[in-house]
Number of protein chains: 2
Amino acid sequence: MKTDIITIGDEILIGQVVDTNSAWIADEMTKIGTDIRQITSISDSKQHIFDCLNESKNDVDLVLITGGLGPTNDDITKETLAEYFDTELITDKDVLEDVTNFITSKGFKLNEQNIKQAEVPANCKRIRNTNGTAAGMWFESGGRVVISMPAVPFEMKEMMQKSVIPLIKNHFILRSIVQKTVQTYGLPEAMLAEKIANWENNLPPKMKLAYLPSPERIRLRLTCMSDDKQKGEEQINNQIESLKNIIGKYIFGIGDIFLHEEIGNILRELGKKVTTAESCTGGNIARLIVSIPNNSDYFDGGLVAYSNSVKNKLLGVKQTTLDNYGAVSRQTVKEMAFGAIKMFGVDYAIAVSGIAGPGGATEGKPVGTTWIAVANKDKVWAKKFTFGNRRAINIRRATSTALNMLRLFIPEN
Amino acid sequence: MKTDIITIGDEILIGQVVDTNSAWIADEMTKIGTDIRQITSISDSKQHIFDCLNESKNDVDLVLITGGLGPTNDDITKETLAEYFDTELITDKDVLEDVTNFITSKGFKLNEQNIKQAEVPANCKRIRNTNGTAAGMWFESGGRVVISMPAVPFEMKEMMQKSVIPLIKNHFILRSIVQKTVQTYGLPEAMLAEKIANWENNLPPKMKLAYLPSPERIRLRLTCMSDDKQKGEEQINNQIESLKNIIGKYIFGIGDIFLHEEIGNILRELGKKVTTAESCTGGNIARLIVSIPNNSDYFDGGLVAYSNSVKNKLLGVKQTTLDNYGAVSRQTVKEMAFGAIKMFGVDYAIAVSGIAGPGGATEGKPVGTTWIAVANKDKVWAKKFTFGNRRAINIRRATSTALNMLRLFIPEN
């Protein structure tokens with residue numbers, strides 16, 4: 001079953017935003033067993049939308065459109081689709097109710113533009129949007145389904161997950177795909193590839209492996225095309241077991257999980273708590289921990305200790321330590337970690353101090369130099385890393401590396 | 001002058017990677033005055049590449065292609081373009097030299113695949129690649145230029161900057177474009193649109209406005225097509241001045257700036273410092289402040305005060321306040337802010353306490369309820385907001401709203 005994705009809107013064409021929606025949609029659609037034939041970005045132009053829909057007419061079964069549903073004048077997707085599917089716009093009672101609820105829940109009054117948002121083409125199936133004012137639309141014509149969604153990522157994603165994907169699964173006969181992702185951290189891509197080359201070369205012919213690297217994790221995605229879902233799952237599980245024998249300690253989870261989520265699972269299970277003492281990561285570790293609901297089971301709070309004075313006065317890092325070894329040193333991160341455990345009265349601490357760049361390099365400590373410590377009240381591991389030249393990436397890598405160190409520290413201590 | 005961008009390769013179509021190349025190219029091409037008509041991602045398929053080039057034949061003057069130039073069997077762009085432009089592959093002496101230099105400089109020996117990389121279609125102009133083995137290619141046919149480049153981002157970017165953009169500027173007569181972005185926060189898109197509708201409707205015909213909303217800011221982008229660059233700039237500046245008269249207090253900057261950057265500019269100018277006391281945002285405000293280099297001029301650190309116990313023991317929020325009013329209350333965020341100013345010994349504090357969800361709602365305090373305070377040592381503003389149901393978005397909106405409150409607080413206090 002073939003699918004096209006069309007994004008409508010100038011912001012992508014002028015390079016003002018990166019089209020992350022299409023990648024997300026393509027990933028979701030691939031997972032349920034459809035093939036993406038083409039991804040197309042076009043402007044808010046009626047003729048171009050018409051051309052684009054006409055060109056793919058005989059090639060695809062499904063078209064997923066995002067964008068052009070906003071309340072402003074340049075948004076013309078709805079009117080254009082009404083014309084393309086030869087119908088008129090009508091005010092939909094349910095959509096109007098959704099829009100009214102949405103607007104009034106924000107403490108605003110319904111205005112004319114909001115009411116216009118409740119108009120939808122008469123011959124489409126409406127798809128609810130609980131996060132915004134633009135409803136989704138499902139058209140069927142000549143055996144092809146065309147779906148229009150808002151481009152605001154969280155509105156689109158929830159609409160896809162709650163409504164669109166279930167509707168697609170219901171409407172089309174999809175080929176069966178089994179997919180599992182193995183989450184790894186700690187081995188760079190090239191070394192990982194070398195270590196598992198033999199295993200990879202011996203995968204069954206119907207199984208495919210993809211590397212998906214990021215500063216947060218390297219995902220190894222196994223895909224198995226199989227008519228027998230259970231058999232496919234068994235085959236994948238067997239391969240994952242073999243993989244664990246080769247790179248077990250680098251695997252932190254199976255499925256769509258991040259290091260900060262796994263840390264949460266480990267701590268909750270043990271009934272223990274962690275705190276953070278962050279210099280160069282500036283609160284990035286804490287905010288990832290807090291991004292997970294119910295983190296209060298294992299997190300009371302943490303300190304962003306950016307200046308030396310805060311490291312000294314609030315965490316109790318000795319002034320002589322800072323003077324003799326510098327803020328980016330084994331001694332400082334050790335004292336930061338122990339200081340944080342005392343300050344917050346919890347079981348474990350993560351401490352990070354590094355030179356994120358672009359400035360701050362000193363003799364023997366280039367940009368990217370980062371010391372990380374993980375500790376309980378009795379014991380500490382501290383390790384130096386040399387990341388790269390880019391501030392944002394250095395912060396992300398320091399964050400993941402610190403979380404990974406805690407993951408390995410806890411079971412041994 | 002109209003341009004198409006085509007990316008060739010499966011990894012984008014299955015959602016494995018986000019297509020950041022196209023956004024980068026689109027931005028560069030827009031800046032030199034060309035219009036991107038369409039961005040298309042397709043697989044390594046000869047027929048599809050042919051179709052894609054044929055469809056745009058009469059619509060565009062320039063096609064920029066990336067991808068499919070690697071040494072493996074699924075890479076067919078070069079062979080396909082040779083066939084499309086009715087020519088054969090020949091080994092190019094200069095390209096072979098570049099490939100040889102590149103491979104030997106890495107300490108490798110030239111292999112058969114490398115030598116194949118030095119073959120190029122006979123009738124194209126070769127574009128050098130100093131960072132890899134795939135040369136760029138420039139075809140001219142029927143008044144249209146088609147350029148093929150490798151998809152590896154840093155190879156493509158350097159090739160664009162060093163060769164392709166200068167060649168394009170030389171070949172085409174480009175129109176001059178002036179663009180400015182007005183950054184706003186505090187008015188939702190629909191209300192903003194209503195407030196400035198009159199101004200928008202009276203924009204000169206050659207000027208276009210685009211709304212680019214996100215939880216961090218709503219960008220208003222003005223584009224002016226003008227043969228006289230200086231005159232265009234003047235016209236845009238005049239329009240921005242009029243806009244300031246209508247929504248001045250919601251505008252926090254001109255150009256590509258975020259609230260946390262502007263806060264940094266304001267504080268640095270005044271020689272003042274800020275700290276943070278974050279509950280539901282969990283360090284997200286602090287990490288944004290730290291994401292900017294040289295933030296130590298105005299930031300020493302902050303506290304993530306997630307549990308009531310940390311709010312009480314470290315920030316000094318009275319136990320009776322927490323008992324009587326709850327952690328999500330005007331009284332609590334006020335005491336958090338004053339407590340943080342004392343704890344860190346700085347001029348200003350931001351304090352946030354809210355119910356980010358999905359759990360935690362209580363009678364009269366639904367998910368999304370968030371109290372934010374900004375203070376100096378004498379005065380505090382505290383305000384309640386009701387965001388939505390999604391934890392991640394609530395955290396982002398609480399963060400932006402808090403930064404915006406501080407931006408408005410500082411000049412008045």
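Throughout, a chain's letter reflects where its sequence line sits, starting with A, and its residues are numbered from 1. Below, each value reflects all heavy atoms present in this structure, side chains not excepted, and no hydrogens, waters or symmetry copies.
Heavy atoms of A:N294 lying under 4.5 Å from chain B are absent altogether. Proximity to chain B (any heavy atom under 4.5 Å) is shown, for A:F154, by both the backbone and the side chain. Contact of A:T281 with chain B is made through the backbone alone, with heavy-atom distances under 4.5 Å. With a 4.5 Å cut-off on non-hydrogen atoms, B:S22 does not touch chain A at all. Of the atoms belonging to A:Q113, it is side-chain heavy atoms, and not backbone ones, that fall under 4.5 Å from chain B. For A:Y211, the part sitting under 4.5 Å from any heavy atom of chain B is the backbone (N, CA, C, O) and nothing else. In this structure, chain B has heavy atoms under 4.5 Å from both the backbone and the side chain of A:L13. Both the backbone and the side chain of A:S307 come within contact range of chain B, with heavy atoms under 4.5 Å apart. With a threshold of 4.5 angstrom between heavy atoms, A:P71 approaches chain B through side-chain atoms but not through N, CA, C or O. At a 4.5 Å heavy-atom cutoff, B:K313 makes no contact with chain A through either its backbone or its side chain. Heavy atoms closer than 4.5 Å to chain B are found nowhere in A:S309, neither backbone nor side chain. Proximity to chain B is absent for every atom of A:V152, based on heavy atoms less than 4.5 angstrom apart. In this structure, the portion of B:E189 lying under 4.5 Å from any heavy atom of chain A is its side chain and not its backbone. Residue B:R391 touches chain A through its side chain alone, counting heavy-atom pairs closer than 4.5 Å.
Counting heavy-atom pairs closer than 4.5 Å to chain A, the top residue among B:I12, B:D19, B:I395, B:I393 is B:I393. With chain A as partner, the option from B:A190, B:A210, B:G388, B:G357 having the largest number of non-hydrogen pairs under 4.5 angstrom is B:A190. Comparing B:E28, B:E278, B:M29, B:R219 by how many heavy-atom pairs each has under 4.5 Å with chain A, the most go to B:R219. Per-residue heavy-atom pair counts under 4.5 Å with chain A were compared for B:P215, B:S291, B:S43, B:A305, and the maximum is reached by B:S291. Listed options B:I5, B:T7, B:T30, B:T20 were ranked by heavy-atom pairs under 4.5 angstrom with chain A; first place goes to B:T30. Taking chain A as the reference chain and counting heavy-atom pairs below 4.5 Å, the highest number among B:Q179, B:Q16, B:M191, B:R287 is found for B:R287.
One distance of note links CD1 of B:I289 with OH of A:Y306; it measures 11.0 Å at 0.5 Å rounding. With rounding to the nearest 0.5 Å, the separation of CD1 in B:I177 from CD1 in A:I14 is 8.5 Å. One distance of note links OG1 of B:T40 with CD1 of A:I6; it measures 10.0 Å at 0.5 Å rounding. Distance check: A:I42 CD1 to B:Q38 CD gives 6.5 Å after rounding to the nearest 0.5 Å. Within the model, atoms CG of A:N284 and CG of B:N284 stand 8.5 Å from one another, a figure rounded to the nearest 0.5 Å.
Put simply, the side chain of B:V18 does not reach to within 4.5 Å of the side chain of A:W24, judged on heavy atoms. The side-chain heavy atoms of B:E55 and A:D51, taken from C-beta on, include no pair separated by under 4.5 Å.
A:E158 and B:R390 are joined by a salt bridge, as a carboxylate oxygen and a charged side-chain nitrogen come within less than 4.0 angstrom of each other. Under the 4.0 Å criterion applied to side-chain N and carboxylate O atoms, A:D10 and B:R221 are not assigned as salt-bridge partners.
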